[in-house]
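Since the model is a prediction, treat every value here as computed from it, not as a measurement. Quick note: numbers below take in every heavy atom, side chains included, and nothing from hydrogens, waters or symmetry partners.
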Amino acid sequence: MAVIASYLAFFPVSVGALRGFTSPDAAADGVRLDLFRAYGVGWWTTFWRLRAPSSVPYLLPALRLAAANAVVGTVVAEVSTGLRGGLGRMIVEFGASASADPAKQWSPIAGAVLVGLAATGLVALIAVGLRRYRVGEAA
C-alpha cells in the first residue's frame, strides 16, 4: 500500500525537481549561473544558493500533485489489498451493504477527501514559508 502511494508521489516530485534544478540555465538566473562559474563557486554552493531557490516554483505544484496522488493511491491500494479498516475498503463494504443509509456510504469518501485536503493544505503551508522564492509558479 505504501509502495503504491510512494510510487504515485515520486514521479511528479522528481520531474518537478529535475525541471527546477535545470531552470537557471534557461531563465534569467542563467546570468547568475555564469557569474557563479566565473568566480569559481563550488557545486554545493551553486546548488544551495542558486539552483534550489530557483526550483521552488516547479517543486510546489509537483508537491501538491504528489500529495493528492498519494491519498488516491492509498485508497485504491486499500481496496485491492483488502485491508480491514482502511478508507478504501470501507468505501467498498459500505457501498455494497448499506444501500438504505446514504450517510454511511458517503462518510468514508468524505474522510478521504478531508485527508487529501489536509495533505494539500500542508503543502500550502510549506509554500507560505517559501513565498519569497515563488516569483512565478510553473504550470
Do [X] and [Y] belong to the same hydrophobic cluster, where Ile, Leu, Val, Met, Phe, Trp and Tyr are linked whenever their side-chain heavy atoms lie under 4.5 Å apart, directly or via other members?
{"X": "Trp106", "Y": "Val75", "result": "yes"}
{"X": "Leu35", "Y": "Val41", "result": "yes"}
{"X": "Leu117", "Y": "Val123", "result": "no"}

**Asked** Yes or no on ring pair (Phe, Tyr, Trp, His ring centres under 6.0 Å) for Phe47 and Phe21, after CA distance, side-chain angles and deciding distance?
**Response** CA-CA 8 Å; Phe47 179 79; Phe21 292 148; 5.0 Å; yes
**Message:** Once rounded to the nearest 0.5 Å, what's the spacing between atom CG of Asp34 and atom OH of Tyr39?
**Reply:** 12.5 Å
**Asked** What's the spacing between Leu60 CG and Arg131 CZ if we round to 0.5 Å?
**Response**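 Leu60 CG to Arg131 CZ: 12.5 Å, rounded to 0.5 Å.
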**Message:** Under the criterion side chain to side chain contact (heavy atoms under 4.5 Å, CB included), I'd like the reasoning laid out for Val13 against Leu63: C-alpha separation, chi angles, the key distance, then a yes or no.
**Reply:** CA-CA 6 Å; Val13 173; Leu63 285 173; 3.7 Å; yes
**Fill in**
For Thr46 and Phe36 the tightest heavy-atom approach is OG1-CD2, 3.6 Å
**Request:** State which residues pass ring pair (Phe, Tyr, Trp, His ring centres under 6.0 Å) with Phe10; sequence neighbours excluded, sorted by chain then number.
**Result:**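 Applying ring pair (Phe, Tyr, Trp, His ring centres under 6.0 Å) to Phe10 gives none.
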**Request:** Only counting residues at least two apart or in another chain, list the ones meeting side-chain contact (heavy atoms from CB on, under 4.5 Å) with Phe11.
**Result:** Tyr7, Ser14
**Set of residues satisfying side-chain contact (heavy atoms from CB on, under 4.5 Å) with respect to Leu122, sequence neighbours excluded** =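 Leu122: no side-chain contact (heavy atoms from CB on, under 4.5 Å) contacts found.
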**Request:** Sort out for me which residue in Val3, Asn69, Val76, Val71 forms a side-chain contact (heavy atoms from CB on, under 4.5 Å) with Leu8.
**Result:** Asn69
